[in-house]
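Given the structure is predicted, the values throughout are model-derived calculations rather than measurements. We number each residue from 1, following the sequence as shown.
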Amino acid sequence: QVQLVESGGGLVQTGGSLRLSCAASGGTFSRKLMGWFRQAPGKEREFVACISWDGGSTYYADSVKGRFTISRDNAKNTVYLQMNSLEPEDTAVYFCAQARINYARGYYGTSFQYAYWGQGTQVTVSS
């Protein structure tokens, strides 16, 4: 059974930075596309970024492009989300997720494309 555990969330001021981590156990992490989503209070879960199984391709939501960077270390079974220039609108619970199929590449922006989810980590950006 695959388990995903996020860490690195917290409280930061506008303009600050955070680095989220998502450690995977079980399954075959190195074959799987990984994604980050977020959900703000009262809003639906939305796509943030995804990275192919080999790290060769990445996609971002327009709202975070140029500020966030997704990366992965297959030797450590971990995916990261570096978040810079944070804004109050980035306040949300951030979830990592693992795609359903092996060796996926491309834009994976919808929840149903992912089989496993972490429990989430809270990011709060104060103005």
Side-chain angles (χ1 to χ4, degrees):
Q1 184 71 6
V2 173
Q3 287 191 320
L4 304 175
V5 180
E6 301 97 335
S7 61
L11 174 64
V12 65
Q13 291 186 332
T14 298
S17 298
L18 284 173
R19 188 194 195 201
L20 305 184
S21 300
C22 171
S25 59
T28 51
F29 177 85
S30 62
R31 302 178 189 175
K32 301 294 190 180
L33 178 147
M34 297 295 294
W36 285 96
F37 287 72
R38 66 187 182 185
Q39 187 167 18
K43 295 187 177 180
E44 294 188 352
R45 188 173 299 187
E46 65 174 1
F47 170 78
V48 174
C50 68
I51 185 167
S52 61
W53 62 276
D54 60 351
S57 66
T58 57
Y59 291 84
Y60 297 91
D62 287 342
S63 59
V64 306
K65 203 171 293 183
R67 300 187 298 121
F68 291 10
T69 303
I70 189 171
S71 62
R72 66 188 296 158
D73 185 339
N74 285 348
K76 296 182 178 179
N77 284 0
T78 301
V79 62
Y80 305 97
L81 186 68
Q82 177 67 44
M83 306 186 295
N84 299 329
S85 302
L86 283 162
E87 305 167 351
E89 293 73 22
D90 296 316
T91 295
V93 177
Y94 284 70
F95 301 89
C96 68
Q98 186 177 94
R100 294 183 182 277
I101 64 174
N102 289 334
Y103 306 119
R105 187 183 301 277
Y107 175 71
Y108 268 55
T110 52
S111 298
F112 78 87
Q113 293 174 301
Y114 295 84
Y116 298 99
W117 295 81
Q119 83 290 347
T121 186
Q122 176 71 47
V123 171
T124 303
V125 185
S126 63
S127 57

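Both tests hold for R45 against W117: distance to the six-membered ring centre under 6.0 Å, angle to the ring axis within 45°. Cation-pi geometry between R105 and Y59 is not met at under 6.0 angstrom from the ring centre and within 45 degrees of the axis. In this structure, R19 is positioned above the aromatic face of Y80, its NZ or CZ under 6.0 Å from the six-membered ring centre and within 45° of the axis.
The aromatic ring centroids of F47 and Y107 lie less than 6.0 Å from each other.
Atom SG of C96 is separated from atom CG of L20 by 9.5 Å, given to the nearest 0.5 angstrom. A distance of 12.0 Å separates OG in S52 from CE in M34, rounded to the nearest 0.5 Å. The OG atom of S111 sits 9.0 Å away from the CD atom of E44 when rounded to the nearest 0.5 Å. A distance of 11.5 Å separates SG in C22 from CD in Q3, rounded to the nearest 0.5 Å. Atom CZ in R72 sits 11.0 Å away from atom NZ in K32 (nearest 0.5 Å). To the nearest 0.5 angstrom, E46 atom CD is 14.0 Å from T110 atom OG1.
Side-chain contact between R38 and V123 is absent, with no heavy-atom pair separated by less than 4.5 Å.
Nearest heavy-atom pair across N74 and F29 is OD1-CE2, 3.2 Å.
With hydrogens and angles left out, the side-chain atoms of N84 and S17 include a donor and acceptor closer than 3.5 Å. In summary, the side chains of T124 and Q122 do present a donor paired with an acceptor at a separation below 3.5 Å, with no hydrogens or angles considered.
Within 6.0 Å of the CD atom in Q39, the count of heavy atoms belonging to other residues, nucleotides or ligands exceeds 12.
Judged by distance alone, with hydrogens and angles left aside, the side-chain atoms of S63 form no donor-acceptor pair with the main-chain N or O of A61 at under 3.5 Å. No donor-acceptor pair under 3.5 Å is formed between the side chain of S85 and the backbone N or O of G15.
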Next item on the list: Begin with the C-alpha distance, continue with both residues' side-chain angles, and end with the deciding distance and a verdict on side chain to side chain contact (heavy atoms under 4.5 Å, CB included) for I70 and Y60.
Entry: CA-CA 9 Å; I70 189 171; Y60 297 91; 3.5 Å; yes
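A tilted orientation is assigned to the rings of Y94 and F68, their planes being inclined by 30° to 60°.
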